[in-house]
K.L.:
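Dumping the structure here so I can ask a few things about it.
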Amino acid sequence: MAVMLMNNIEAYWSTFKNKNNITTDKYSAFAFGWPESMQNELAELVKSGIKTATTSAFELYGPNEEIPLIGEYNVILDGRGNPVCITQTKVVETMPFNLISQEHAFHEGEGDRSYDYWRKVHEDFFNKEFKENKKTFKLDAPCICEVFELVFK
């Protein structure tokens, strides 16, 4: 099954490359959040153009995992690992969680798009993620704030 999904992702990427005269073979493929229902919801928000930003915890990147880079392409997956759309990273900033702006929270496109909603959901998510990695989430934890543009659906 994993091979079939990878083939779907590669075929999706090839279609995008050919239609847009893209020469690079470098891209990331991932789903936002968890569980599967959340991954589906967030992928649809990206595909509809509502979600144009995301936040990740710097401390949770693995030693061989690259942080997002301006200009890179991302194949956004649904909860089953199927490609839904492609984005291109436009802005990357690292800042403490507690200094992330209301504007960034709005552009994440989730819930009612309020800062209060965003902060609660992200605190809960990061607390779980840090705990799974045997770490403790702190409000001043460095986070990577990424802004992206939908380039293919």
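Computed from a predicted structure; not experimentally measured. Note that the numbering runs from 1 along the sequence shown for the chain.
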K.L.:
Could you measure the distance from the SG atom of Cys143 to the CD atom of Glu93? Nearest 0.5 Å is fine.
P.N.:
12.5 Å

K.L.:
Of all residues at least two apart in sequence or in a different chain, which pass the salt bridge (Lys or Arg N to Asp or Glu O under 4.0 Å) check with Arg113?
P.N.:
none

K.L.:
Decide yes or no for Ile100 and Met95: does some side-chain heavy atom of the first lie under 4.5 Å from some side-chain heavy atom of the second?
P.N.:
yes

K.L.:
Does the side chain of Thr89 reach to within under 4.5 Å of the side chain of Asn74, using non-hydrogen atoms?
P.N.:
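A side-chain contact exists here, since the closest heavy-atom pair is under 4.5 Å.
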
K.L.:
Between the side chains of Ser114 and Asp116, is a donor N or O closer than 3.5 angstrom to an acceptor N or O?
P.N.:
no

K.L.:
Looking at residues at least two apart in the chain, or sitting in another chain, which of them share a salt bridge (Lys or Arg N to Asp or Glu O under 4.0 Å) with Lys17?
P.N.:
Asp25

K.L.:
Just by distance, with hydrogens left out, do Thr55 and His122 show a side-chain donor and acceptor under 3.5 Å apart?
P.N.:
no

K.L.:
State which residues pass side-chain contact (heavy atoms from CB on, under 4.5 Å) with Asp78; sequence neighbours excluded, sorted by chain then number.
P.N.:
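If we apply the side-chain contact (heavy atoms from CB on, under 4.5 Å) test to Asp78, skipping adjacent residues, the hits are Asn40, Arg80, Asn82, Val84.
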
K.L.:
Hey, could you give me the NZ/CD distance between Lys90 and Glu149, rounded to the nearest 0.5 Å?
P.N.:
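Answer rounded to 0.5 Å: 4.5 Å.
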
K.L.:
Which pairs, with at least one residue in residues 132-145 and sequence neighbours excluded, count as a side-chain hydrogen bond (donor to acceptor under 3.5 Å, both in side chains)?
P.N.:
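Residue pairs passing side-chain hydrogen bond (donor to acceptor under 3.5 Å, both in side chains), neighbours aside: none found.
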
K.L.:
What residues form a salt bridge (Lys or Arg N to Asp or Glu O under 4.0 Å) with Glu108, not counting sequence neighbours?
P.N.:
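Partners of Glu108 by the salt bridge (Lys or Arg N to Asp or Glu O under 4.0 Å) criterion, ordered by chain and then number, come out as Lys51.
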
K.L.:
Determine whether Ser28 and Val75 make a side-chain contact, defined as any pair of heavy atoms from C-beta on separated by less than 4.5 Å.
P.N.:
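Not in contact.
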
K.L.:
Between CD of Glu59 and CZ of Phe126, what distance do you get to the nearest 0.5 Å?
P.N.:
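The CZ atom of Phe126 is 10.5 Å from CD of Glu59, to the nearest 0.5 Å.
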
K.L.:
Hey, could you give me the CD/SG distance between Glu44 and Cys85, rounded to the nearest 0.5 Å?
P.N.:
8.0 Å

K.L.:
Is the shortest side-chain heavy-atom distance between Phe106 and Ser101 below 4.5 Å?
P.N.:
no

K.L.:
Would you call the rings of Tyr61 and Phe58 parallel, tilted or perpendicular, taking 30° and 60° as the class edges?
P.N.:
tilted

K.L.:
Decide yes or no for Glu110 and Val121: does some side-chain heavy atom of the first lie under 4.5 Å from some side-chain heavy atom of the second?
P.N.:
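Yes - at least one pair of side-chain heavy atoms lies under 4.5 Å apart.
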
K.L.:
Hey, any chance Phe130 and Trp34 share a hydrophobic cluster, counting ILVMFWY side chains that come within less than 4.5 Å of each other, even indirectly?
P.N.:
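Yes: a chain of side-chain contacts under 4.5 Å links Phe130 to Trp34.
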
K.L.:
Hey, would you say the Phe97 and Trp118 ring centroids sit under 6.0 Å apart?
P.N.:
yes

K.L.:
In terms of side-chain geometry, is the basic nitrogen of Lys26 or Glu66 positioned less than 4.0 Å from the acidic oxygen of its partner?
P.N.:
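Yes, this pair counts.
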
K.L.:
Check whether the side chains of Thr54 and Glu146 place a donor and an acceptor atom closer than 3.5 Å, and report yes or no.
P.N.:
no

K.L.:
With ring-ring contact (aromatic ring centres under 6.0 Å, His included) as the criterion, how do Phe32 and Phe30 come out once you've worked through the C-alpha distance, each side chain's angles and the decisive distance to 0.1 Å?
P.N.:
CA-CA 7 Å; Phe32 290 108; Phe30 58 85; 5.3 Å; yes

K.L.:
For the OG atom of Ser14 and the CD1 atom of Ile9, what is their distance to the nearest 0.5 Å?
P.N.:
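If I round to the nearest 0.5 Å, the distance is 12.0 Å.
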
K.L.:
In this structure, would Phe148 and Ile76 fall into the same cluster of hydrophobic residues linked by side-chain contacts under 4.5 Å?
P.N.:
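Same hydrophobic cluster.
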
K.L.:
Report yes if some heavy atom in the side chain of Cys145 is under 4.5 Å from a heavy atom in the side chain of Thr94; otherwise report no.
P.N.:
no

K.L.:
Taking only residues two or more places apart in sequence or in another chain, which ones pass salt bridge (Lys or Arg N to Asp or Glu O under 4.0 Å) with Asp124?
P.N.:
Lys120

K.L.:
Just so I know, are the side chains of Phe152 and Tyr73 near enough to count as touching, which here means a heavy-atom distance under 4.5 Å?
P.N.:
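Sidechains of Tyr73 and Phe152: no contact.
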
K.L.:
Mind checking whether Tyr27 and Val151 sit in one hydrophobic cluster, side chains of I, L, V, M, F, W, Y counted as touching below 4.5 Å?
P.N.:
yes

K.L.:
How about Leu139 and Arg119: do any of their side-chain heavy atoms sit closer than 4.5 Å?
P.N.:
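In short, these two side chains touch, coming nearer than 4.5 Å.
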
K.L.:
Below 30° counts as parallel, above 60° as perpendicular, anything between as tilted: where do the rings of Trp13 and Phe16 land?
P.N.:
tilted

K.L.:
Once rounded to the nearest 0.5 Å, what's the spacing between atom OG1 of Thr15 and atom CD1 of Ile86?
P.N.:
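Thr15 atom OG1 to Ile86 atom CD1 measures 8.5 Å (nearest 0.5 Å).
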
K.L.:
So, Glu65 side chain and Gly62 main chain: donor-acceptor pair closer than 3.5 Å or not?
P.N.:
yes

K.L.:
Has the side chain of Gln39 got a donor or acceptor atom that lies under 3.5 Å from a matching backbone atom of Gly33?
P.N.:
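Yes; at least one donor-acceptor contact below 3.5 Å.
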
